[in-house]
Amino acid sequence: MISRFKAYCEIAEIASVSRRYFVIGFFDGLITIAGLIIGAFISGENDSKLILTIGFATALALGISSMWGAFEIERIEQKTKKLTREKHMLSRLENSIIKEAHEFATLFTSLIHGIAPIVGAVILMIPYAILPPFEAFEVAIAVCIVSFFVLGAVLGKMAEENLILNGLRMLIFGIAVMLAVLILNPGHVI
């Protein structure tokens with residue numbers, strides 16, 4: 001089974017697609033829940049039960065949406081790759097490991113893209129499950145900021161680039177998005 005999984009990964013390039021989907025989804029989960037937390041805080045509704053209830057519903061919706069969107073695009077992408085292989089090989093690949101690999105890639109990468117935003121979201125909601133609301137807000141924002149940096153650093157390591165610079169790039173962008181949410185949120189005037 002492990003050798004078959006390795007073969008699928010190699011044939012359908014699952015690792016690179018999964019990495020991209022995980023990073024995109026994880027970042028989306030962080031940003032989405034950070035926006036929720038900031039919005040709740042601005043509105044004066046920084047209540048743990050509210051954050052956890054809405055946060056989990058939002059995380060699940062984001063995860064399901066991400067998984068379905070990834071499934072649809074990967075179904076087409078993997079089919080296109082299989083058809084290209086068939087064209088080059090001058091043969092149909094209907095009952096082959098290549099067809100199985102492309103079908104598996106569709107399911108596996110979709111699952112990764114669906115789970116990643118939920119993981120990012122849950123990380124920011126954990127403080128609300130164990131701390132009073134104001135402290136939870138502070139810790140969640142700190143965890144979010146650290147997560148941005150770590151995510152960027154990991155990307156830098158994968159690309160054999162400077163970890164610190166990549167971490168700072170992701171951190172700066174993440175903070176810029178959070179500031180935009182803070183500034184553009186109509187909760188200031190409502």
Response to the item:
Nearest heavy-atom contact between Ile51 and Ala40 is CD1-CB, 3.4 Å
Practice prompt. Is it possible for you to say whether Ile37 and Ile126 belong to one hydrophobic cluster, with membership spreading through side-chain heavy-atom contacts below 4.5 Å?
Written response: yes
Item to complete: Please round to the nearest 0.5 Å and tell me the distance separating atom CD1 of Ile172 and atom CG of Leu165.
Response: 9.5 Å
Worksheet entry | Hydrophobic cluster membership, Leu62 vs Ile31, 4.5 Å side-chain cutoff | no
Fill in: Side chain proximity check, Ile141 to Phe41, heavy atoms < 4.5 angstrom
no
Discussion item. For a 4.5 angstrom cut-off between non-hydrogen side-chain atoms, does Leu168 reach Leu171?
Written reply: yes
Discussion item. Counting C-beta onward and ignoring hydrogens, is there a side-chain heavy-atom pair between Ile164 and Phe149 closer than 4.5 Å?
Written reply: yes
Item to complete: State yes or no: are the ring centers of Phe148 and Phe173 separated by less than 6.0 Å?
Response: no
Worksheet item: Roughly how far apart are Ile145 CD1 and Met178 CE, rounded to 0.5 Å?
Response: 4.5 Å
Discussion item. Take a 6.0 Å sphere around CD of Glu10 and say whether it holds more than 12 heavy atoms from other residues, nucleotides or ligands.
Written reply: no
Practice prompt. Mind listing the closest non-hydrogen atom pair of Ile14 and Ala105 along with its distance?
Written response: CG1-CB, 3.6 Å
Worksheet item: Distance-only, no hydrogens or angles: does the Ser65 side chain make a donor-acceptor pair with backbone N or O of Ala61 under 3.5 Å?
Response: no
Worksheet item: In Å, rounded to the nearest 0.5 Å, how long is the span from CZ of Phe71 to CG of Leu111?
Response: 12.0 Å
Discussion item. Count I, L, V, M, F, W, Y as connected when their side-chain heavy atoms are under 4.5 Å apart, and connections chain through other members. Are Ile64 and Ile115 then in the same cluster?
Written reply: no
Response to the item:
Scanning both residues in full, the closest heavy-atom pair of Met170 with Leu155 reads CE-CD1, 3.6 Å
Discussion item. Quick check against the 3.5 Å criterion: does Asn46 have a side-chain atom that pairs as donor or acceptor with the backbone of Pro133?
Written reply: yes
Discussion item. For Ala121 versus Ala59, what's the shortest heavy-atom pair and its separation?
Written reply: CB-CB, 3.5 Å
Worksheet item: In the single-linkage hydrophobic clustering (I, L, V, M, F, W, Y; side-chain heavy atoms under 4.5 Å), do Leu60 and Leu52 co-cluster?
Response: yes
Worksheet entry | Considering all heavy atoms, the nearest Ser66-His113 contact | O-CD2, 3.1 Å
Practice prompt. May I ask whether Phe26 and Val181 are part of the same hydrophobic cluster, defined by side-chain heavy atoms of I, L, V, M, F, W, Y residues being less than 4.5 angstrom apart, directly or through others?
Written response: yes
Response to the item:
CD1 (Ile73) and CH2 (Trp68) are apart, to the nearest 0.5 Å, by 13.0 Å
Item to complete: Over all heavy atoms of both residues, which pair between Ser147 and Leu30 is shortest? Give the atoms and the distance, please.
Response: CB-CD1, 3.7 Å
Item to complete: Find out whether Ile42 and Ile38 are in side-chain contact, i.e. whether some heavy atom of one side chain is under 4.5 Å from a heavy atom of the other.
Response: yes
Worksheet item: Taking C-beta and beyond as the side chain, do Val122 and Met125 meet within less than 4.5 Å on heavy atoms?
Response: yes
Response to the item:
Separation between CE (Met67) and CG (Leu107), nearest 0.5 Å, reads 10.0 Å
Worksheet entry | Centroid-centroid under 6.0 Å between Phe108 and Phe5 rings | yes
Worksheet item: When rounded to the nearest 0.5 angstrom, what is the spacing between CD1 in Ile112 and OH in Tyr21?
Response: 11.5 Å
